[in-house]
Amino acid sequence: MTGKVWKYISDKIETEGALHFSLLDPDPLKMTKETVVELAQFAEKAGTDAIMIGGSTIFGVIDDSVKAITEAIDIPTILFPGNITGVSEHADAMFFMSLLNSTNPYWIIGAQALGAAKVRLSGIETIPMGYLLIAPGKTAAWVGDAKVFPRDKPKIVLMYALAAQFMGFRLVYLEAGSGAEGGGVPSEIISTVSQFLEIPVITGGGFNDPESVAGAVDSGASIVVQGTYVEKQVPKDKGKGLSKIVKALKDAGSKRV
Ligand code: 1GP
C-alpha cells in the first residue's frame, strides 16, 4: 500500500519539517490547459513540493490537463477529487478522501465507493485522507453538505481528527475552504490538533502570504496548500512571490527537524 508519492511526502516531512503544495483547478471557465501547465511549472520552479489537482466545480478533473501537467513537471501530481469526476489515471497519486463532517453519507463513503473500481483499474497510488471543513468552508462546504466546525472550537475538530487517525487515515486535512477570508485555519485549531495527532496535518483555505503560511507550520501543520494565491499571483510575477512564501515555510519547517 505504501507507494512512491507517500514515501516522497513522509521522507520530506522528516527531513524538511514542512511541505508546500500548490492546488490547481483545471476548470476551463477559469483557464486554458496551457495556462494550467505554465502555472504548475512556475510553482515547481518556486519550490513547491507537489501539485494538487482538483476542485468542487462541475467540470471535475480534465484528463487531458492532468496528463499535460504530469508530463511537464518532475514533482508529484496528486488528485484532490471533489467527486467521482475527479479521478484520472494520469496523476502520480490521489488523496482518497472522506469528508468526515458532512451530514450526507454520499460525501463520507458514497462517492468513494462509486469511484473505487475506476481507481483500482487505473492503478493509481491512493493516500487515505480525512477531510475536515472549518468555517467558512466556502464552496466545498456547500457542495459537501458539511456541518462546518466553528473557528473558535478547536476541541471539536480535535475529536474528529483523532477519530480519523484511529480509523487509519494517513493525513488529516484541516480545510477552511478555497478563498476563505481570515488568514486560513485559526492557529489554535492547528496547534490543538497537531499537539495530539501522530499523523501529519495538512491545511489550506485562505493562506495568502508568507506570515500565515509560516504561522501554520509554527502551529504544527506539516503541509500547507495554496490555491487561490497560485492562480492569482503566479501569472503576474511568474512565481517570485511564491518562492518567498515557500522559503518562509521551509524556514519554519527547519525549526522542527
Ligand atoms: C482549497 O485549501 C485549498 O481546497 C486552497 O485554498 O484557494 O484559499 O488557497 P485557497
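The chain is numbered in sequence order, starting from 1. In each ligand, atom 1 is the first atom listed, and ligand 1 is the first ligand listed.
In terms of protein heavy-atom proximity, atom 10 (P) of ligand 1 is nearest to T228 OG1, 3.4 Å. Of all protein heavy atoms, the one lying nearest to atom 3 (C) of ligand 1 is Y173 OH, 3.4 Å.
D92 and T77 share a donor-acceptor pair across their side chains, judged by distance under 3.5 Å alone. In the model, D251 has no side-chain atom that pairs as donor or acceptor with a side-chain atom of S254 under 3.5 Å. Side chains of T32 and T35: a donor on one and an acceptor on the other come within 3.5 Å.
In terms of modelled atom types and a separation under 3.5 Å, the side chain of W6 and the main chain of T126 share no donor-acceptor contact. With hydrogens and angles disregarded, a donor-acceptor distance shorter than 3.5 Å links the side chain of K250 to the backbone of A18.
Short contacts between ligand 1 and G179, defined as distances under 4.0 Å to a heavy atom of the residue, involve ligand atoms 7 (O), 8 (O), 10 (P). Shown in contact with Q226 at under 4.0 Å from a heavy atom are these atoms of ligand 1, numbered in order with element: 9 (O). Close approach of ligand 1 to G205 is summarised as follows: ligand atoms under 4.0 Å from at least one heavy atom of the residue are 2 (O), 3 (C), 5 (C), 6 (O), 8 (O). Close contacts of ligand 1 with G206, meaning ligand atoms under 4.0 Å from a residue heavy atom, involve 8 (O), 10 (P). Close approach to L23 involves these atoms of ligand 1, each under 4.0 Å from a residue heavy atom: 1 (C), 3 (C), 4 (O). Near F80, with a cut-off below 4.0 Å to any heavy atom, the atoms of ligand 1 are 4 (O). Annotation for ligand 1: atoms under 4.0 Å from non-hydrogen atoms of G227 are 5 (C), 7 (O), 9 (O), 10 (P). The atoms of ligand 1 that sit less than 4.0 Å from any heavy atom of E175 are 1 (C), 2 (O), 3 (C), 4 (O).
Ring orientation note: the planes of F95 and F80 are nearly perpendicular, at an angle over 60° on the 30°/60° scale.
Side-chain contact between Q233 and L242 is absent, with no heavy-atom pair separated by less than 4.5 Å.
Residue contacts with ligand 1, taken as heavy atom pairs separated by less than 4.0 Å, do not involve F21 at all.
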